[in-house]
Colleague: 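Here it is, the structure in full.
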Amino acid sequence: MIKNILNTTKALSLAALTLTSVQAGAANWKYAIEESLSEVQGVYATQFKEYIEANSDHRVQIYPFGTLGESTDIMEQAQAGILQFVDQSPGFTGSLIPEAQVFLMPYVLPETESEVNYFFKNSKVINENFKELYAQQDLELLKMFPEGSVAITTQESFRSPADLDGMKIRVMTSPLLVETYKAFGAVPTPLPWGEVFGALQTKLIQGQENPWFYIESGKLYEVTEVITEAGHNIFTTAVMANRDFYQGLSETDQQLVQQASEVALDYILKYQEGLAEEAKAKIKAAKPSIEFVTLTEAERVPFRAAAKEVRAKFIEMTGPSGQAILDQLEADLELARNN
């Protein structure tokens, strides 16, 4: 009887110890994004969170845009290890990692959805070249993914670079985006996202660019008259971890993070099918007077010519490293076109 009691007590103690170990091994990870939970980055982050929590005892707290400051603030917090994960577009990391601006170069990335998806899943430039560059900034690059084609909202329609002369267009704080809109004939005006709606409303700026879903969710159509598709780019974003944090994880947890990133990537690529068309329909329903313009191939010719100037500026800014990145990017895109 005593022996049975001792055995039972021992078993309960071991169970308690095991539970304590599991609880001690569980962690609360912080993940900041540049959008709301209902927007593309938020949907990706939610899928990432759900996978982590379904397959471990860890918990992930997502911080939507504005809760921890602007984009520059959350990047600094990620580098400092205050945040474990951060989602930020090359439009804001361009000053930190100049080569990342390759994703902002106009008329480089394809418009075909299947090619775009293949590229982001299989690209060597992302999975190898950029991993090394981000590591130099204390960041572990997990994934990059597209958020849809970029459209330009303005007060008046434009069909050529000449039409943009003197027009103030808001851009992210990227030197290459500034050069892009200079080449396009406009006056590029870097502004943090929190100031954009008010600047459009007060006519401090006359336009801005963003993917369609963001123009709809941010209600930018309320303070604009025309939305133009020039076919010049798709919006790209990057998911990163603090490198010291990631390197300090067990092999099991590193695999968990990688798997969660992959599952979330597959989900977000599928999720975006038809998202732009849905956003267009919502915008038109909310503001029937809005004008949608799609530049013809002939109208895009001078913009494509201007893009060559931007390419030269990119090489000037980044040197041999940028040239190597661009060469690999184009090789990856060629592979995407043939698959």
Side-chain angles (χ1 to χ4, degrees), residues 70-72 89-92 94-95 98 101-109 111 148-212 214-216 218-236 280 283-284 287 289-317:
E70 289 281 352
S71 294
T72 51
S89 73
F92 288 112
S95 298
Q101 296 177 104
V102 74
F103 292 101
L104 303 173
M105 284 176 50
Y107 299 106
V108 172
L109 295 177
E111 292 185 65
S149 60
V150 170
I152 304 169
T153 71
T154 54
Q155 301 304 323
E156 298 177 0
S157 62
F158 67 90
R159 297 279 183 173
S160 69
D163 294 337
L164 289 173
D165 184 35
M167 196 180 293
K168 292 182 180 178
I169 304 292
R170 178 265 176 176
V171 296
M172 292 179 284
T173 53
S174 156
L176 199 73
L177 271 177
V178 169
E179 294 299 333
T180 296
Y181 276 90
K182 278 183 183 178
F184 282 179
V187 179
T189 308
L191 281 177
W193 169 244
E195 299 177 21
V196 175
F197 190 94
L200 286 167
Q201 195 170 38
T202 58
K203 305 297 190 290
L204 178 65
I205 56 175
Q206 288 78 53
Q208 63 83 50
E209 68 163 35
N210 257 305
W212 279 97
Y214 209 57
I215 293 170
E216 187 277 321
K219 299 190 183 302
L220 294 170
Y221 58 86
E222 292 183 354
V223 285
T224 195
E225 300 302 324
V226 186
I227 306 178
T228 302
E229 288 186 302
H232 66 298
N233 214 341
I234 61 172
F235 194 90
T236 299
K280 291 177 190 179
I283 292 169
K284 199 68 176 175
K287 187 175 182 177
S289 64
I290 198 85
E291 182 183 357
F292 291 164
V293 174
T294 300
L295 298 187
T296 66
E297 281 304 314
E299 288 169 335
R300 295 180 191 190
V301 168
F303 289 100
R304 290 184 185 276
K308 293 178 182 178
E309 298 175 34
V310 182
R311 182 189 181 98
K313 285 289 184 181
F314 174 77
I315 299 302
E316 182 182 317
M317 289 177 185

Colleague: If the condition is side-chain contact (heavy atoms from CB on, under 4.5 Å), which residues does Ser71 pass it with, not counting sequence neighbours?
Modeller: Glu34, Gln88, Phe92

Colleague: Kindly check if the number of other-residue, nucleotide or ligand heavy atoms within 6.0 Å of NZ (Lys284) is above 12?
Modeller: yes

Colleague: Do Gln206 and Thr154 pair up side chain to side chain, a donor and an acceptor below 3.5 Å, judged on atom types alone?
Modeller: no

Colleague: Which residues satisfy the side-chain contact (heavy atoms from CB on, under 4.5 Å) test with Thr72, sequence neighbours excluded?
Modeller: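 With sequence neighbours excluded, Thr72 shows a side-chain contact (heavy atoms from CB on, under 4.5 Å) to Glu70, given in chain and number order.
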
Colleague: Could you give me the CA-CA distance, side-chain angles and deciding distance for Asn210 and Met172, then say whether side chain to side chain contact (heavy atoms under 4.5 Å, CB included) is met?
Modeller: CA-CA 10 Å; Asn210 257 305; Met172 292 179 284; over 6 Å; no

Colleague: Can you confirm whether Ile152 sits close enough to His232 that some side-chain heavy atom of one is under 4.5 Å from a side-chain heavy atom of the other?
Modeller: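 A side-chain contact under 4.5 Å exists here.
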
Colleague: Considering only residues two or more places apart or on different chains, which pairs with a residue in residues 183-204 satisfy side chain to side chain donor-acceptor pair (under 3.5 Å)?
Modeller: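 Every side chain to side chain donor-acceptor pair (under 3.5 Å) pair that includes a residue of residues 183-204, provided the two are not neighbours, is Trp193-Tyr214.
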
Colleague: Could you note down all residue pairs passing salt bridge (charged side-chain N to carboxylate O under 4.0 Å, His left out) where residues 222-236 supplies at least one of them, sequence neighbours left out?
Modeller: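 As it turns out, the salt bridge (charged side-chain N to carboxylate O under 4.0 Å, His left out) pairs with a partner in residues 222-236, which skip direct neighbours, are Glu225-Lys287, Glu229-Lys280.
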
Colleague: Quick one: list whatever passes side-chain contact (heavy atoms from CB on, under 4.5 Å) with Val178, sequence neighbours left out.
Modeller: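 In terms of side-chain contact (heavy atoms from CB on, under 4.5 Å), with neighbours along the sequence ignored, Val178 is linked to Val171, Lys182, Pro188, Pro190.
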
Colleague: Which residue pairs pass the ring-ring contact (aromatic ring centres under 6.0 Å, His included) test with at least one member in residues 155-182, sequence neighbours excluded?
Modeller: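 Every pair satisfying ring-ring contact (aromatic ring centres under 6.0 Å, His included) with a residue in residues 155-182: Tyr181-Phe184.
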
Colleague: List the steps, then state whether side chain to side chain contact (heavy atoms under 4.5 Å, CB included) holds for Gln101 with Leu177.
Modeller: CA-CA 8 Å; Gln101 296 177 104; Leu177 271 177; over 6 Å; no

Colleague: Looking at every non-hydrogen atom in both residues, tell me the closest pair between Tyr107 and Ala307 and how far apart they are.
Modeller: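 Smallest heavy-atom distance, with atoms named: CD1-CB, 4.0 Å.
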
Colleague: Identify the two heavy atoms, one from Gly207 and one from Leu200, that lie closest to each other, and give their separation to 0.1 Å.
Modeller: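 That closest heavy-atom pairing would be N-CD2, 3.7 Å.
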
Colleague: Please evaluate residues Tyr221 and Thr153 with respect to the criterion side chain to side chain contact (heavy atoms under 4.5 Å, CB included), reporting the C-alpha separation (whole Å), side-chain torsions for both, the decisive distance (0.1 Å), and the verdict.
Modeller: CA-CA 8 Å; Tyr221 58 86; Thr153 71; over 6 Å; no

Colleague: List the residues meeting ring-ring contact (aromatic ring centres under 6.0 Å, His included) with Phe235, not counting sequence neighbours, and say none if there are none.
Modeller: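 Scan of Phe235 (ring-ring contact (aromatic ring centres under 6.0 Å, His included), adjacent residues dropped) gives none.
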
Colleague: Can you sort out the partners of Phe292 under ring-ring contact (aromatic ring centres under 6.0 Å, His included), two or more places apart, ordered by chain and number?
Modeller: Trp212

Colleague: Do Ser149 and Glu111 touch side chain to side chain, with heavy atoms closer than 4.5 Å?
Modeller: no

Colleague: Among all residues two or more places apart in sequence or in another chain, which pass the salt bridge (charged side-chain N to carboxylate O under 4.0 Å, His left out) test with Glu316?
Modeller: none

Colleague: Between Leu104 and Thr180, is there a side-chain heavy-atom distance shorter than 4.5 Å?
Modeller: no

Colleague: Quick one: does Asn233's side chain have a donor or acceptor within less than 3.5 Å of a partner on Phe103's backbone?
Modeller: yes

Colleague: Sort out for me which residue in Thr228, Thr224, Ile227, Val226 forms a side-chain contact (heavy atoms from CB on, under 4.5 Å) with Glu291.
Modeller: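 That would be Val226; it is the only one of Thr228, Thr224, Ile227, Val226 passing the side-chain contact (heavy atoms from CB on, under 4.5 Å) with Glu291.
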
Colleague: Would you check if Glu179 and Met105 make a side-chain contact, meaning some heavy-atom pair closer than 4.5 Å?
Modeller: no

Colleague: Looking at Pro211 and Gly148, what are the two nearest heavy atoms and their distance?
Modeller: CB-O, 4.0 Å

Colleague: Using the salt bridge (charged side-chain N to carboxylate O under 4.0 Å, His left out) criterion, which residues pair with Arg311? Sequence neighbours excluded.
Modeller: Glu330

Colleague: For the residue pair Arg300 and Thr294, what are the closest heavy atoms and their distance?
Modeller: NH2-CG2, 3.6 Å

Colleague: Mind checking what makes salt bridge (charged side-chain N to carboxylate O under 4.0 Å, His left out) contact with Glu309, not counting sequence neighbours?
Modeller: none

Colleague: Quick one: list whatever passes side-chain contact (heavy atoms from CB on, under 4.5 Å) with Arg159, sequence neighbours left out.
Modeller: Asp163, Val293, Leu295, Glu299

